[in-house]
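Input: a single structure, listed below in structure tokens.
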Amino acid sequence: MDYLQNILFIVFVLAASAMFAMSLKQIISNIRLGKDVDRSDNKSERLKTMALVALGQKKMFQRPIPALLHLAIYAAFVITQIELIEIFIDGVTGEHRIFYPSLGGFYTFVISLIEVLSVLAFLATLIFLYRRNLLKVPRFHKSEMTGWPKLDGNLILYGEIILIIFIFMMNGADEVLHRRGASHADGSGGFGFAISSFLGPALFDGMSTHTLHIIERIGWWGHIGTVFAFLNYLPISKHFHVLLAFPNVYYSNLQAKGKFNNMESVTNEVKMMFDPNADPYATPAPAEEGAAPERFGAKDVTDLNWKNLLDAYTCTECGRCTSACPANQTGKLLSPRKIMMDTRDRLDELGKNIAKHGKDHDDGKSLLRDYITEEELWACTSCNACVQECPVNIDPLNIIMEMRRYLVMEESKSPSELTTMFTNIENNGAPWQFSPMDRFNWANEE
Amino acid sequence: MAEYMAKGESPDILFWVGCAGSFDDRAKKITKALVKILHHVGIKYAVLGTEESCTGDPAKRAGNEFLFQMMAMQNIQVLNGYEIKKIVTACPHCFNTLKNEYPELGGNFEVIHHTQLVQQLINTGKLQIKGGGEFKGKKITFHDPCYLGRANDVYEAPRQVLKTLDAELVEMKRCRTKGLCCGAGGAQMFKEAEKGNKEVNVERTEDALETKANIIATGCPFCNTMMTDGVKNFEKEADVQVMDVAELIANAADL
Ligand code: SF4
Ligand code: SF4
């Protein structure tokens, strides 16, 4: 009978971990659908960027108030993981607060720290709920933030509140029990944790020892249960960023933001054209056996590179990009956040289709048009504000550019003024219709 | 440039004029202002004249990589033919493209923006602005061009230059990394904007007008056009001027 809890715990942990591992595997294989891009250089600078931007949340502090609130939740989240180690060992072995006797004062300190951070996180969560739902922060109320994304944003906050309630049920009830000498932990006389040593007696003093044991267990199981629920909720939620922010920032583009990637495939063809020795009638080099001719630009998510796709899974849907976007601010359809959300949704869809029907299944849909319209793509000024603002170094602009490339080079589709501009550059060496011979006229004008 | 070649000499720096600087009536004034500065300090500079072509920037931003690379290779052939080492340009789009996107296609040059050059000239004492010129008591605000600022992290050079004028430099509420685009980038200059409820340049001009500045300084011919149109939109042409940093300096130094 005594082992029932341990066995239950082990089964529960295994099931939750297996589920998480499966979702993770799916996401990794989805990201692998992307094309290659080399981000293996500059390891030390990458680590530094990761320490500053992901761990240190440097870019968050551009907006200090949400940054501090977010930091409270983040710190509580990280520090609580220490307690989880104990819960884990207790759960498997049937011990109760296994580290308490050996760690003594340090134990009290760590749990107290967790409690204080939890209270801060609790307050931060309430403020976030208020801000998200009652304050009219425009970036939380754009058209892409209805339905699931909106619910997702709130669910995690409710989850946070529930988690913190469980922590205090667990510690508070145990405190009273310990004072009565009835806790399963060693010793008696109260633990003296910063918050629960007051909160516990205040709430639970009058209750029977039996009831307290039940409350303590509900708190304990509730805590670990919420953590595992959270773990399995992550992969379907924007909150996956708590994990992906790190690799995503590590692999961020370290070059000047104005530098757009060079298309090698185009370079080869252009070089051929410039090479006087090239035989214009030569058949193009035979493509690798069975390889489909490479498409210029991106029509679907598989034409993007893996970093674009990692970006999509990392997006926190915070909307900092969209709120800085000149196109969005002036009422155009374009929203860089939506670009990222669309990429993720399409990739999820594609991944599911592949799992169901095999690798070569064609569902007749694509990122372009089924998700992102041409009108959105052409509204971008390539100003890099979205890239600058993103707290986890996501690059929506690169996706926009790849899709423009597809439109122009594969479908020859661009707004007619741009087609004229192309012709002018080609014929006159300038985007306007001026004669190249007049280029130097300014020198002789007054 | 061909003249230097003929004499068997090579210039210290090549001034890349750019399409706007060559053809656009407003931007030509910026070109001339920069030429005056170059001339005044006695740098040996050259221009390509009719041998220059569009860098291909608008084509690239509009997705036409083919056209971009064709233009780039053509220009690189010319530049390498003259063994150019150092380039200055008054257009942040040319600056960005020459500096960041030409190397992979075989064009390796040291490229600086004209505000950086002017800052160097002032710092080294080659260019002096006596008494700060005619801008006493005026307010100037600087609009960060996206391709100078965010794209290449050049925020301070133009501001340092403007500080040498005897004027008050005021910042817009969105400046430096947070500067709002003028609306011209990404080939938007050459097309109508998508459907929306406002023009980007109007939104940005509001920022500038809010500072009550008498002069909106820019470092980009396209920003210049957009902001000028924005000011016209508010019918403020009489009170607010849009000027390039080079023009302000050329004026102040009485060139
Ligand atoms: S680069 Fe494009 S999408 Fe990003 S903020 Fe600027 S206009 Fe918006
Ligand atoms: S792309 Fe970055 S800034 Fe934009 S919503 Fe996602 S996380 Fe936020």
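Numbers restart at 1 for each chain; the letters A, B, ... are given by sequence-line order, proteins then strands. Quick note: numbers below take in every heavy atom, side chains included, and nothing from hydrogens, waters or symmetry partners.
The shortest side-chain heavy-atom distance between A:Gln329 and B:Leu180 falls under the 4.5 Å cut-off. In this structure, A:Met273 and B:Met73 have side chains that are not in contact, with every pair of non-hydrogen atoms separated by 4.5 Å or more. Within the 4.5 Å cutoff, the side chain of A:Phe260 has no heavy atoms near those of the B:Asn100 side chain. Looking at A:Lys259 and B:Glu104, their side chains come closer than 4.5 Å, going by heavy atoms from C-beta outward. Using a 4.5 Å heavy-atom cutoff, the side chains of A:Arg404 and B:Lys60 are not in contact. The closest side-chain heavy-atom distance from B:Val35 to A:Trp442 is below 4.5 Å.
Proximity to chain A involves both the backbone and the side chain of B:Glu65, based on heavy atoms less than 4.5 angstrom apart. Residue B:Met71 touches chain A through its side chain alone, counting heavy-atom pairs closer than 4.5 Å. If you measure heavy-atom distances from B:Asn96 to chain A, the contacts under 4.5 Å come from the side chain alone. There is no contact between B:Arg204 and chain A, counting heavy-atom distances below 4.5 Å. For B:Lys195, the parts sitting under 4.5 Å from any heavy atom of chain A are the backbone and the side chain alike. The part of B:Tyr147 that comes within reach of chain A is its side chain, from C-beta onward, which places non-hydrogen atoms under 4.5 angstrom from that chain. With a 4.5 Å cut-off on non-hydrogen atoms, B:Phe222 touches chain A through its side chain but not through its backbone.
With sequence neighbours excluded, the residues forming a salt bridge (Lys or Arg N to Asp or Glu O under 4.0 Å) with A:Asp303 are A:Arg295, listed by chain and number.
Comparing A:Thr267, A:Leu334, A:Asn384, A:Asn261 by how many heavy-atom pairs each has under 4.5 Å with chain B, the most go to A:Thr267. Put simply, of B:Leu67, B:Asp57, B:Thr97, the one with the most heavy-atom pairs under 4.5 Å next to chain A is B:Leu67. When each of A:Cys383, A:Ala256, A:Ser414, A:Ala327 is scored by its heavy-atom pairs under 4.5 Å with chain B, the top score falls to A:Cys383. Interface remark: of the candidates B:Gly196, B:Cys146, B:Cys19, B:Cys19 forms the most heavy-atom pairs closer than 4.5 Å to chain A. When A:Pro415, A:Ser416, A:Cys380 are compared by the number of non-hydrogen pairs under 4.5 Å with chain B, A:Cys380 comes out ahead.
A side-chain donor from one of A:Asn262 and B:Gln69 sits under 3.5 Å from a side-chain acceptor of the other. Side-chain N/O atoms of B:Lys178 and A:Gln62 include a donor and acceptor closer than 3.5 Å.
Panel note: side chain A:Ser382, backbone B:Gly186; a donor-acceptor pair is recorded below 3.5 Å.
Counting heavy-atom neighbours within 6.0 Å of B:His39 NE2, excluding the residue itself, gives a total of 12 or less. In the displayed structure, B:Lys44 atom NZ is contacted under 6.0 Å by more than 12 heavy atoms of other residues, nucleotides or ligands.
Contacts between residues 87-94 of chain B and chain A, defined by a heavy-atom separation under 4.5 Å, are made by no residue at all. For residues 107-114 of chain B, a heavy-atom distance under 4.5 Å to chain A picks out no residue at all.
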Ignoring hydrogens and angles, write down the donor-acceptor pairs under 3.5 Å from the side chains of residues 431-439 of chain A, residues two or more places apart or on other chains.
{"unit_1": "A:Ser435", "atom_1": "OG", "unit_2": "A:Met437", "atom_2": "N", "d": "3.0"}
{"unit_1": "A:Asp438", "atom_1": "OD1", "unit_2": "A:Asn441", "atom_2": "ND2", "d": "3.3"}
{"unit_1": "A:Arg439", "atom_1": "NE", "unit_2": "B:Glu52", "atom_2": "O", "d": "3.0"}
{"unit_1": "A:Arg439", "atom_1": "NH1", "unit_2": "B:Glu52", "atom_2": "OE2", "d": "3.0"}
{"unit_1": "A:Arg439", "atom_1": "NH2", "unit_2": "A:Gly429", "atom_2": "O", "d": "2.8"}

